[in-house]
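Below you'll find the structure, written out as structure tokens, and then a few comments.
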Amino acid sequence: MSNLSSPILQLSFLGTIRLRVVRRSLLVVTLIVLATAALFVVQLLTGTFPIAVSRVWATLTGHGTAVEEFVVYTLRLPRALTAVLAGAALGGSGAVYQSVTRNPLGSPDIIGFTYGASFGAVLSIVVLGSSDVAVTISALAGGLGVALLVYLLSMRGGVQGYRLILVGIGISSVLAALVSYLLLKANIIDAQEAYVWLTGSLNGSTWSDVWIGLVGLAVLGPVLVGLGPGLRLAEMGDQAALGLGVHVGRNRLCALGFGAALCAIAVVCAGPITFISLAAPQIARRLTGTPTVRVIPSMAVGALLLLGSDALAQKLFPQSQLPVGITTLALGGGYLAWLIAREGRSRIG
């Protein structure tokens with residue numbers, strides 16, 4: 001039993017599994033999940049073909065009309081689920097990278113791992129003319145390959161957060177140039193398909209995207225949560241973490257690898273959507289009041305951010321099918337400028 005006045009809850013499962021949970025974090029995550037669920041329902045109800053709550057429930061229980069089943073099962077439900085899963089994956093990946101780099105700018109899209117997955121997918125679409133499965137494999141290989149390359153180039157004298165960021169930015173610039181070259185040489189149809197994919201879009205999301213995101217989160221999410229305590233100890237310094245029994249190098253390499261894989265999963269499902277992995281961990285940290293970023297709150301915030309961004313894109317531009325990547329780019333650009341300015345002021349102070 002835990003003290004009711006304590007900020008830490010001791011939770012036991014099956015008599016053997018024990019978890020220590022910060023009360024405020026639990027409350028914040030619960031509220032975010034409820035807000036996400038409410039927005040999820042709104043997304044199922046609204047659109048160019050509004051459906052009442054009773055009719056959505058009838059459709060989900062197998063009593064809807066053919067039109068209602070098409071709208072709910074083919075158009076809205078896969079799109080909303082993909083937004084939640086991809087957003088959670090981006091939030092969790094961003095939390096891991098910001099913890100490893102000890103820098104709020106250390107997210108996969110800033111460091112360049114998103115570009116790795118994007119390059120792999122564009123290469124598969126434009127050069128190889130591959131199917132969806134091959135595009136998925138290429139994106140995964142690209143993301144993991146860039147993660148490994150950045151780590152190897154940054155490990156001289158010990159991996160440092162600022163070095164990871166600088167090396168990643170340099171590699172992302174090279175990959176951006178290669179992607180532009182591939183699009184320039186591609187035929188118009190392949191180039192248009194690749195360009196829409198590169199923008200980051202939930203338009204046309206299918207149940208295969210949902211299953212990819214669900215399996216990726218189910219496999220990689222618990223691993224990243226398990227790596228969290230070691231990463232938080234490493235934020236105090238490598239020597240301090242080593243003294244407490246943490247295998248810093250192995251822990252950091254696993255975090256970078258699994259984080260890159262989770263980011264690549266999100267890119268496969270929805271394209272290289274920017275700034276979710278950058279903003280979600282910092283928003284979650286401020287809401288929970290914790291000194292470091294944590295994976296589960298970041299996943300919750302990431303899911304809400306991406307679902308909310310897609311809802312905003314649909315409501316503001318209902319006829320144009322605006323890709324959600326444009327919305328996150330517009331919102332995230334302002335957030336990045338504020339974050340850089342804030343970091344600069346804190347260093348000067």
Side-chain angles (χ1 to χ4, degrees), residues 89-123 139-183 195 197-200 231 234-235 252-253 255-264 266-267 271-282 293 298 302 325-326 328-348:
L90 290 171
S93 178
V96 169
Y97 275 103
Q98 290 181 20
S99 180
V100 169
T101 60
R102 307 171 199 172
N103 192 312
L105 294 176
S107 68
D109 45 358
I110 297 296
I111 293 178
F113 302 142
T114 302
Y115 277 98
S118 301
F119 174 74
V122 171
L123 182 68
L140 287 171
L144 292 174
V146 169
L148 179 61
L149 180 60
V150 170
Y151 182 83
L152 292 176
L153 293 176
S154 305
M155 67 184 300
R156 182 179 178 182
V159 176
Q160 301 293 330
Y162 75 90
R163 190 182 297 136
L164 274 171
I165 294 174
L166 292 177
V167 171
I169 290 175
I171 291 179
S172 67
S173 299
V174 174
L175 291 174
L178 291 175
V179 168
S180 298
Y181 175 78
L182 290 176
L183 292 176
Y195 183 76
W197 188 88
L198 282 171
T199 305
L231 293 176
E235 289 187 38
R252 184 177 288 135
L253 180 59
L256 291 174
F258 288 120
L262 191 59
C263 179
V267 170
I273 296 175
T274 56
F275 290 111
I276 298 296
S277 58
L278 174 72
Q282 293 302 311
V293 294
S298 300
I326 296 178
T328 61
L329 186 62
L331 298 176
Y335 173 79
L336 179 61
W338 172 83
L339 183 62
I340 293 175
R342 183 178 181 276
E343 286 293 306
R345 287 197 301 269
S346 65
R347 291 182 184 276
I348 293 173

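Positions are given from 1 along the sequence.
In this structure, S93 contributes its side chain and L90 its backbone to no donor-acceptor pair below 3.5 Å. S298 places no side-chain N or O within donor-acceptor distance of the main-chain N or O of G92, the cut-off being under 3.5 Å. For the pair S180 (side chain) and A176 (backbone), a donor-acceptor distance under 3.5 Å is present. Of the possible polar contacts, one joining the S172 side chain to the I169 backbone as a donor-acceptor pair under 3.5 Å is found.
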Subject >> side-chain contact (heavy atoms from CB on, under 4.5 Å) between F119 and L182, worked out >> reply: CA-CA 9 Å; F119 174 74; L182 290 176; 3.8 Å; yes
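Every side-chain contact (heavy atoms from CB on, under 4.5 Å) that A261 has, sequence neighbours left out, goes to L144, L220.
For the atom pair S277 OG and Q282 CD, the distance stands at 11.5 Å (nearest 0.5 Å). Atom CD1 of residue I326 and atom OG1 of residue T274 lie 10.0 Å apart, to the nearest 0.5 angstrom. To the nearest 0.5 angstrom, L175 atom CG is 11.0 Å from L123 atom CG. Between L148 atom CG and L153 atom CG the span is 9.5 Å, to the nearest 0.5 Å.
Residues I273 and G200 approach most closely at CG1-CA, 3.8 Å, considering heavy atoms. Contact record, L278 with Q98: O-NE2, 3.0 Å, taken as the closest heavy-atom pair.
Annotation: side chain of V150 is not in contact with side chain of L256 (no heavy-atom distance under 4.5 Å). Between Y115 and V174 there is no side-chain heavy-atom pair separated by less than 4.5 Å. Side-chain contact check for Y97 versus P108: some heavy-atom pair is nearer than 4.5 Å.
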